[in-house]
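Below is one structure, written out as structure tokens; comments come after it.
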Amino acid sequence: MSDSLLAVLNSQQKKAVTLPVSNPPAHGLILAGAGSGKTRVLTTRAAWLLATGQSAPHAILAVTFTNKAAHEMRSRLASMTTVSLHALWIGTFHGLCHRMLRLHHQEANLPKTFQILDRADQLSAIKRLVKEMSVDDEKHPPRDLLYFIDAHKEEGIRAYAVEAWDNFSRQRKEIYEAYEAQCQREGAVDFSELLLRAHELLSSNEPLRRHYQERFRHILIDEFQDTNRLQYEWLQLLAGKETTLFAVGDDDQSIYAFRGAKIGNMRDFERRYAGERIIRLEQNYRSHGNILGAANALIRHNRERLGKNLWTEADAGEPIRVFPACSDLEEAAAIAEEIDALKQDGNPYDSVALLYRANAQSRALEHELFIRAIPYRVYGGLRFFERQEIKHALAYLRLIANPADDTAFLRVVNFPARGIGARALESLQAIARQRHTCLYDAAASLSGKAGMAVSGFIRVVNLLRQEKARLTLSELVEQMLESSGLTAHYQADRKKENQERLENLDELINAAALFTAGETDMAESTADPLLAFLSHASLEAGEYQAGINESAVQLMTVHAAKGLEFDHVFITGLEEGLFPHDNAVDDNAQEEERRLMYVAMTRARRRLYLTRAESRLLHGQRRYCLPSRFFQEIPSEFLKNAFSSSFSRASMSDAAAERNAAPSFPPEKTPELPGGLRIGMNVRHATYGFGVIVDAEIQCAEEARVQVNFGSNGMKWLALPQARLEAA
DNA sequence: TGGGAGTGCTTTTTT
DNA sequence: AGCACTCCCA
């Protein structure tokens with residue numbers, strides 16, 4: 001059993017996987033370069049522990065950084081072993097801490113129904129607090145306060161322990177204190193609070209700590225370079241005398257220092273635990289030689305490194321293709337043409353990834369892909385559970401679960417509009433403050449016209465609270481959408497965006513049904529499916545994707561691409577100020593940008609494209625940009641100018657021709673079609689919905705036909721007189 | 001009270 | 001440019 005597990009590993013990987021467990025305590029640190037089989041080693045380590053009988057499933061704890069990684073690890077592990085993994089804990093730091101807090105909510109001094117605040121919730125809670133405290137929000141912008149609070153929590157510092165030396169810092173400390181009190185009163189827990197509360201729970205409760213220390217004999221940690229101080233300390237609390245820590249990481253891929261990740265944790269881990277048991281995985285199985293050589297050369301410009309050099313047995317492969325475009329539009333067009341060429345050569349769309357530094361860059365790329373009917377999917381950006389209409393719906397659900405949730409209350413008390421205005425809410429908040437109750441409870445005492453309006457809202461929530469027991473989760477969601485008036489509200493005005501919102505609300509019902517059918521993890525920590533669903537929505541906002549997986553080009557930020565790999569990768573927007581980003585001013589930040597570029601490059605298996613634009617529309621203004629310094633940091637022997645495809649302007653690798661081409665883009669005027677339509681115009685069709693005209697055939701006005709891309713409803717040829725298209 | 005116009009700001013990411 | 005938030009008017 002264990003032999004077949006190990007057979008596919010190289011000697012270093014094997015050494016890592018089989019690091020002896022006994023002669024206590026034998027910890028290990030695996031420095032695993034990009035594409036060196038990091039996930040495989042981590043997963044095989046767990047499988048090996050199980051297969052050799054050195055560990056029972058319940059004695060293993062595996063920590064990852066993202067939900068995606070956690071899911072992948074569980075499914076890969078499931079395929080490697082016949083043992084039931086039910087008792088094995090795999091999750092993100094936040095997910096695992098949440099689980100502990102649900103299981104021990106009493107010991108953690110939290111109500112059973114505590115709710116998780118995502119960033120947007122947290123920000124609105126802070127805004128509300130700032131208003132209530134009459135804080136000058138010019139002096140203390142809510143956003144700054146959020147960073148201040150989060151940063152302290154992630155260093156493990158409570159409000160009382162914050163050092164204050166002048167008026168300004170005293171005020172911030174006070175606001176932090178008030179924020180803690182408000183969250184506690186409302187049963188609200190933000191992301192960093194999950195970590196801090198779980199940490200405090202373990203450090204203050206010795207029996208509980210001992211319980212977990214004795215339970216978890218093997219702690220496996222992925223992406224260790226991204227852990228912050230609090231996460232590292234939480235791990236240390238969990239590690240008892242008999243526990244072994246097995247950490248995998250790559251300092252060259254640390255890209256979250258800007259939000260508190262400490263690369264120094266790796267050195268500390270080395271000193272404190274790993275000692276001599278450090279294993280380097282330097283053989284890369286992913287990329288061709290040129291790609292790897294270029295990435296190695298780039299990262300050598302960083303000073304702060306533990307040191308490591310990747311090599312591969314693969315041949316050099318193709319050179320890295322560089323394309324300088326004159327504008328962001330041309331950059332997008334060139335990429336789209338190249339994707340078409342790749343597709344012609346038999347490469348599926350999903351073998352291609354478009355990476356960029358900032359989410360805002362996706363728009364131009366998306367537009368071009370849409371015009372050319374190249375299927376694509378954008379990862380990140382606005383996630384399903386973060387959409388406005390979904391947040392409204394979730395607020396109703398949160399009130400059903402926990403009426404003390406004032407953030408949720410305020411979000412929907414007057415949405416859809418019920419005639420409850422600012423004045424009514426002010427008096428309601430005054431009552432609540434005076435009686436130390438939540439808004440929901442205070443509502444009963446509100447008199448007059450405002451009282452009537454609010455009590456209508458309370459009735460809706462109350463009714464749903466009663467219905468909750470008899471309905472399944474998805475029925476409850478459906479019922480809520482009806483009786484809250486959300487569905488009716490979006491139906492009232494048949495705009496394009498409302499149509500989309502209704503579809504999303506429908507999708508929420510699906511998501512609830514799917515969740516009930518699939519989720520097992522949460523069931524253990526809370527018996528209430530509604531609570532579990534709400535936690536899921538906060539913790540895995542991005543995980544839920546509506547629709548099926550057709551083969552599509554993948555668009556995402558470089559951050560989101562970490563841990564993934566693709567045959568063909570385009571790194572776009574390689575300009576000074578964008579990548580590396582303007583915000584990266586000091587040396588540390590510059591090195592982080594370079595690590596980011598290193599991550600981006602090492603995603604590619606076969607072909608890597610580097611593109612840039614000489615001018616780009618940014619914040620509504622055209623900016624002229626210099627090439628990224630990264631071009632100079634990659635030896636030219638790895639690079640080749642221009643594209644391989646027949647892109648019309650690609651032959652112009654010399655700068656002069658390039659500049660000449662500038663005025664010809666965006667494209668030449670298209671002839672006007674009957675009815676005032678043009679190619680490229682957005683239109684609406686009674687059956688297919690919204691689309692864009694991509695082509696036309698005109699014999700005469702009576703026989704004109706247009707080709708319209710209706711997005712998910714497909715590409716259609718329509719006879720113009722019959723189609724009744726209206727400009728949208 | 002609610003919608004519409006006007007103003008000001010825009011941060012890389014994940015949980 | 002696009003969006004969120006504010007202010008003003010019906």
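Remember, predicted model here, so these are calculated numbers, not experimental data. Quick note: numbers below take in every heavy atom, side chains included, and nothing from hydrogens, waters or symmetry partners.
In this entry the distance linking CG of A:Leu195 with C1' of B:dT14 reads 11 Å, nearest Å. Going from atom CG of A:Asp150 over to atom P of B:dT14 covers 15 Å, rounded to whole Å. Rounded to whole Å, the distance from CG on A:Leu101 to P on B:dT15 is 18 Å. Distance A:Arg99 CZ to B:dT15 C1': 17 Å, rounded to the nearest Å. Between A:Arg387 atom CZ and C:dA4 atom P the separation is 13 Å, expressed in whole Å. The CG-C1' distance, from A:Leu230 to B:dT14, rounds to 15 Å in whole Å. The distance from atom OH of A:Tyr147 to atom P of B:dT13 is 11 Å, rounded to the nearest whole Å. The interatomic distance linking A:Asn359 (CG) with B:dT13 (P) rounds to 4 Å, in whole Å.
Salt bridge present: A:Arg629 and A:Glu576 bring a charged side-chain N and a carboxylate O closer than 4.0 Å.
Of the candidate nucleotides C:dG2, B:dT15, B:dT13, C:dG2 has the atom lying nearest to any side-chain atom of A:Arg363.
Between A:Phe191 and A:Ala358, the one whose closest nucleotide on DNA chain B sits nearer the 5' end is A:Ala358. For the pair A:Gly95 and A:Ala360, nearest-nucleotide mapping onto DNA chain B gives the more 5' position to A:Ala360.
Nucleic acid contact for A:Lys127: sugar-phosphate only, since backbone atoms but no base atoms lie under 4.0 Å from a heavy atom of the residue. Note on A:Phe93: nothing from the nucleic acid sits closer than 4.0 angstrom, heavy atoms only.
Under 3.5 Å, the side chains of A:Gln253 and A:Tyr598 contain no donor-acceptor pair of N or O atoms. A side-chain donor-acceptor contact under 3.5 Å links A:Asn265 and A:Thr227. A:Arg612 and A:Thr572 form no side-chain donor-acceptor contact under 3.5 Å, judged by distance and modelled atom types alone. A donor and an acceptor atom, one from each side chain of A:Gln554 and A:Tyr379, are located under 3.5 Å apart.
In this structure, A:Leu486 and A:Phe415 have side chains that are in contact, with non-hydrogen atoms separated by less than 4.5 Å.
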Pair A:Phe579-A:Phe630, ring pair (Phe, Tyr, Trp, His ring centres under 6.0 Å): steps then yes or no: CA-CA 9 Å; A:Phe579 199 4; A:Phe630 299 146; 5.6 Å; yes

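At B:dT14, none of the side-chain N or O atoms of A:Lys68 fall inside 4.0 Å of OP1 or OP2 (strictly under the cut-off). Applying the 4.0 Å criterion to OP1 and OP2 of B:dT13, one finds that A:Thr557 has a side-chain N or O inside that range. A:Asn67 has a side-chain polar atom (N or O) that falls below the 4.0 Å cut-off from OP1 or OP2 of B:dT15.
Judged by distance alone with a 3.5 Å cut-off, no donor-acceptor contact links the side chain of A:His559 to the base of B:dT13.
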With the sugar-phosphate defined as primed atoms, P, OP1 and OP2, and the base as all remaining atoms, what B/S/- string results for nucleotides 1-10 of chain B, 5' to 3', for protein heavy atoms under 4.0 Å? SS-------B

